Amino acid sequence: MHGYIGLGSNLGDRLQNLKEAVSLLGECPLVVRRCSSVYRSEALDMAEQPDFFNMAIGLQTDLPPLSLLEICLEVERKMGRKRIVAKGPRNIDLDLLLLEDRILKSDRLILPHPRMHLRRFVLLPLDEIGAQQMHPVLQKTVHVLLQESKDFSRVEWYCDARQVAANI
């Protein structure tokens with residue numbers, strides 16, 4: 001099955017952090033099929049922090065959703081992520097956004113990601129690699145969600161996918 005993960009970083013060498021996360025994901029039992037460009041975005045919920053670098057990856061896997069969540073959390077742990085302040089600065093953040101048409105609500109994971117349709121920093125990179133992917137709850141494509149977005153925060157193209165993953 002195919003799915004999408006959103007990646008973000010606003011501490012340290014943000015581009016290198018994204019590269020490392022994509023590389024570590026590539027060592028897991030999933031195949032990274034596509035990488036979006038990297039976008040620079042302003043922090044939203046806690047504005048007094050550095051800008052984020054954001055991107056999205058498309059993947060192929062046979063793993064169930066909770067196993068994919070564990071992979072994301074393990075990559076964050078390997079990279080030294082510390083969850084000190086909610087919405088605070090972080091060297092890496094991995095969010096499982098979509099997994100085909102799966103809808104899941106548990107205490108550990110909600111699919112599709114419950115706020116993805118509200119965030120340009122998620123929708124822009126996702127639109128680049130999965131514009132026609134359907135949001136299984138809202139029944140709209142990623143492209144339509146981006147067009148209808150009421151989020152007008154600053155999100156700027158920074159560099160193309162080859163800067164992060166040359167072999168994708």
Side-chain angles (χ1 to χ4, degrees), residues 1-10 14-15 17-19 21-22 24-26 28 30-45 51-73 75-76 87 90 92-106 108-168:
M1 86 183 88
H2 65 278
Y4 298 91
I5 294 174
L7 297 85
S9 174
N10 77 333
R14 296 166 293 180
L15 190 59
N17 292 340
L18 295 177
K19 286 179 185 180
V22 171
L24 288 170
L25 286 167
C28 297
L30 58 87
V31 177
V32 177
R33 294 280 185 208
R34 300 196 65 196
C35 287
S36 75
S37 297
V38 175
Y39 293 82
R40 184 179 187 143
S41 62
E42 63 186 318
L44 294 181
D45 298 315
D51 285 350
F52 278 86
F53 281 11
N54 297 100
M55 65 179 297
I57 64 163
L59 60 92
Q60 190 73 34
T61 188
D62 292 325
L63 294 173
L66 289 173
S67 295
L68 283 174
L69 173 64
E70 283 306 316
I71 285 173
C72 290
L73 294 173
V75 167
E76 289 179 351
K87 310 287 187 190
R90 47 213 177 260
I92 195 66
D93 185 35
L94 302 177
D95 289 321
L96 185 53
L97 302 174
L98 293 163
L99 192 56
E100 289 189 350
D101 60 353
R102 295 277 180 104
I103 298 172
L104 175 66
K105 289 185 181 183
S106 76
R108 299 203 56 229
L109 178 64
I110 298 174
L111 278 177
H113 189 285
R115 292 174 304 283
M116 66 172 272
H117 64 287
L118 303 173
R119 298 173 166 173
R120 269 176 45 88
F121 70 83
V122 172
L123 292 172
L124 266 171
L126 190 55
D127 183 61
E128 190 178 311
I129 62 170
Q132 297 310 309
Q133 178 65 46
M134 187 66 69
H135 188 292
V137 173
L138 301 176
Q139 290 299 301
K140 296 179 180 181
T141 65
V142 168
H143 188 70
V144 168
L145 292 173
L146 177 59
Q147 288 178 324
E148 293 178 351
S149 175
K150 304 287 188 251
D151 176 7
F152 299 107
S153 61
R154 179 179 45 82
V155 181
E156 306 164 335
W157 184 89
Y158 181 77
C159 67
D160 67 33
R162 290 175 294 193
Q163 299 292 325
V164 177
N167 59 343
I168 302 298

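None of these values were measured; they are calculated from a predicted model.
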Sidechain-backbone polar pair: Arg34 side chain, Ile129 backbone, donor-acceptor under 3.5 Å: yes
Validation row: Ile57, Met55 side chains within 4.5 angstrom (heavy atoms): yes
Any side-chain heavy-atom pair of Ile110 and Leu104 under 4.5 Å: no
Ser9 side-chain N/O to Leu18 backbone N/O, donor-acceptor pair under 3.5 Å: no
Among Asn10, Asp51, Asn54, side-chain hydrogen bond (donor to acceptor under 3.5 Å, both in side chains) partner for Ser41: Asn54
Ile71 versus Cys28, closest heavy-atom pair with distance: CG2-SG, 3.6 Å
Contact summary for Pro112 and Met116, nearest pair of heavy atoms: CB-SD, 4.3 Å
Spacing of Asp101 atom CG and Gln139 atom CD [to the nearest 0.5 Å]: 9.0 Å
Plane angle bin for Phe53 and Tyr158 - parallel if under 30°, tilted between 30 and 60°, otherwise perpendicular: tilted
Side-chain heavy atoms of Leu98 within contact of Leu126, under 4.5 Å: yes
Validation row: Arg102, Pro136 side chains within 4.5 angstrom (heavy atoms): no
Side-chain heavy-atom pair His113, Val122 within 4.5 angstrom cut-off: no
Distance-only donor-acceptor check, side chains Ser153 and Asp151, under 3.5 Å: yes
CG-OG1 distance between Leu146 and Thr141, expressed to the nearest 0.5 angstrom: 9.5 Å
Evaluation steps, side chain to side chain contact (heavy atoms under 4.5 Å, CB included), between Ile5 and Leu97: CA-CA 5 Å; Ile5 294 174; Leu97 302 174; 5.8 Å; no
Short side-chain to backbone donor-acceptor contact, Glu128 and Ser37, under 3.5 Å: yes
Side-chain touch Tyr4/Val142, heavy atoms, less than 4.5 angstrom: no
Which atom of Cys35 lies closest to which atom of Ala161, heavy atoms considered: O-CB, 3.2 Å
Spacing of Glu70 atom CD and Arg108 atom CZ [to the nearest 0.5 Å]: 4.5 Å
Distance-only polar pair, side chains of His143 and Gln147, donor-acceptor under 3.5 Å: yes
Gap separating the CD atom of Glu42 from the CZ atom of Phe52, nearest 0.5 angstrom: 11.5 Å
From CA spacing to verdict: side chain to side chain contact (heavy atoms under 4.5 Å, CB included), Glu156, Tyr39: CA-CA 5 Å; Glu156 306 164 335; Tyr39 293 82; over 6 Å; no
Audit row: Arg40, Arg14, side chain to side chain contact (heavy atoms under 4.5 Å, CB included) steps and yes/no: CA-CA 10 Å; Arg40 184 179 187 143; Arg14 296 166 293 180; 4.1 Å; yes
Whether Glu76 side chain and Leu94 backbone form a donor-acceptor pair below 3.5 Å: yes
Validation row: Leu59, Val31 side chains within 4.5 angstrom (heavy atoms): no
Distance (rounded to the nearest 0.5 Å) between Leu123 CG and His135 NE2: 9.0 Å
Over all atoms of both residues, closest heavy-atom pair of Asn17 and Ile92: O-CD1, 3.9 Å
Closest approach of Leu7 to Ala21 (non-hydrogen atoms, all atoms of both residues): CD2-CB, 3.8 Å
Side-chain donor/acceptor of Glu100 to backbone N/O of His2, under 3.5 Å: yes
Spacing of CG belonging to Leu30 relative to SG belonging to Cys72, to within rounding of 0.5 Å: 8.0 Å
